[in-house]
Amino acid sequence: MAQEDIFKKLVAHCKEYGYVFQSSEIYDGLSAVYDYGQYGVELKNNIKKYWWDSMVLLHENVVGLDSAIFMHPTIWKASGHVDAFNDPLIDNKDSKKRYRADVLIEEQLAKFEEKIDKEIAKAQKRFGEAFNEQQFRETNPRVLANRQKFEELHARFAKALNDNNLQELKQIIIDQEIVCPVSGTRNWTDVRQFNLMFSTEMGSTSEGAMKIFLRPETAQGIFVNYLNVQKTGRMKIPFGIAQIGKAFRNEIVARQFIFRMREFEQMEMQFFVKPGTELDWFKKWKEIRMKWHQALGFGAENYRFHEHEKLAHYANAAVDIEYKFPFGFKEVEGIHSRTNFDLSQHEQYSGKKLRYFDPEMNESYIPYVVETSIGVDRMFLQVISAAYCEEELEKDSRVVLKLPPVLAPVKLAVLPLVKKDGLPEKAREIIDNLKFDFNCQYDEKDSIGKRYRRQDAIGTPFCVTVDHQTTQDDTVTIRYRDSMEQERVAIAELSKIIGKKVSMKQLFEKL
Ligand code: ATP
């Protein structure tokens, strides 16, 4: 099945099984805003816990923060967001559709890469075991031609972005003959800058009202609190502050479901270091974060680093961790070396000293900052698209979410074989004993087969069936979601068997 079709099915599945709903659906929805249903919110909370604990529990020198969404408007002037938090937009005059010029060009670049991948896959099939990928990449004329086109376009694109040359971005779109996917034409407007911040007013009278912004990133709340945390927590550099919270961006094009939203959640960690050591820390955090992703077991080949074409105004190094979504490799997380830009700016705009006194060096300085920034929703989409699986079985088929058990919303379902003979009571008793440790679900409706399918569809890793034998010897069958194998075990063993598989500890041990 084409990847696009799989993605459509995944979106429908998320809705049908209570993971994600369109916001304000009964009013025909609000574009690029989504609500999380009963299972979605559990998965989201588990992702957040995995991130939070890996930062705050596993690192002695990383602590948490929860800063407000509303902040003094000068913060956004100082950070550069008022003047420079822009995306280049372009309209197609025929379809009246709006696009991000940089994204149109990135998609064109991805096409060259796809062509190369296709050539390689074809050759691999033809030559089998004897295939030497590196040699093929270096010698095959079609691969070389596409690589050259990619490199040329990449260099031109990076230069245009760095020079902030909007005219050149348009020219690239024209020269590459990029068409609007809706109208199919190349009738483009000029490229313009568009600021992504939402604003609102604070205060009760119109004269007294102050224009404030909904934060487009959580990081600034960390910067303006860093000395509060450092002093009250007696933190010594290097140290980090982690925060999870909502962010808002008036995205020009909001497509691909929860990949790009106008209201979303970020998990950010700012790591404050001694000037001159930031690039070493950048390298360390790059590795730590990649390990965090790969520990989930979705296959190392589905992740890659992507160096930025253009460094943001505050950065001296930046890399993205990309995951192979059904619509291609895309950013999930950014790791940025932000220099001392933000703190210096806040010092200048607030007039307050934001220096750290280093007792070892006996001097004060403005720390440098390495940031790791990941979107909860994008991570959610990554997890769920990796987990979604359609399987043909001997007699029928099933849709199963192969979520890592640690992240699964429901850990176990307890199913009495029939609704009588004391089996429901026995099932309830099992739940009563386990519910303090695991999210359990009781289900007695329909045949056992149907109940298994329902649990597969929401990704429950364990189904426990209570039958007549249970009332005799206190054993049950436990069915494993992925292998569908069943095993007879003592009720007393359940907690240990399940506890081992759903504990975050086994993920943390891989980090
Ligand atoms: P993009 O290039 O995709 O617009 P970005 O480089 O602007 O993203 P950052 O500012 O580095 O993103 O934000 C850090 C992380 O926040 C991203 O890696 C992503 O996971 C998440 N994120 C950013 N914008 C959105 C959005 N509109 N919807 C959902 N998640 C987002």
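These numbers come from a predicted model, not from an experiment. When a ligand or atom number is given, it counts from 1 through the structure's own listing order.
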Pull out every atom of ligand 1 sitting under 4.0 Å from any heavy atom of S373, numbered as shown with elements. 13 (O), 14 (C), 15 (C), 18 (O)
Suppose we call two aromatic rings close when their centres sit under 6.0 Å apart. Are H13 and Y388 close by that rule? yes
What atoms of ligand 1 come closer than 4.0 angstrom to any heavy atom of E333? 18 (O)
Do me a favour and list the nearest non-hydrogen protein atom to atom 20 (O) of ligand 1 with residue, atom name and distance? V332 O, 2.7 Å
Which option out of Q266, H336, M261 puts a heavy atom nearest to atom 28 (N) of ligand 1? M261
Is the charged tip of R338 near the ring of F341: under 6.0 Å from the six-membered ring centre and within 45° of its axis? no
Considering E251, E331, R262, R100, which one's heavy-atom position lies nearest to atom 17 (C) of ligand 1? E331
Of all residues at least two apart in sequence or in a different chain, which pass the side-chain hydrogen bond (donor to acceptor under 3.5 Å, both in side chains) check with Y50? none
How are the rings of Y19 and Y39 set relative to one another: parallel (under 30°), tilted (30 to 60°) or perpendicular (over 60°)? tilted
Check whether the ring centres of F325 and F7 lie less than 6.0 Å apart, and answer yes or no. no
Atoms of ligand 1 less than 4.0 Å from F259 heavy atoms? 28 (N), 29 (C), 30 (N)
Quick look: D320 vs ligand 1, heavy-atom contacts under 4.0 Å, and the answer is neither
If you take the nearest heavy atom of each of Q382, K330, R260, which one is closest to atom 4 (O) of ligand 1? R260
Would the distance check show the side chain of E268 and the main-chain N or O of T218 forming a donor-acceptor pair, the cut-off being under 3.5 Å? yes
Does any N/O atom on F264 come nearer than 3.5 Å to any N/O atom on ligand 1? no
closest protein heavy atom to atom 10 (O) of ligand 1 is R249 NH2, 2.9 Å
side-chain contact (heavy atoms from CB on, under 4.5 Å) partners of S364, counting only residues at least two apart: R355, F357
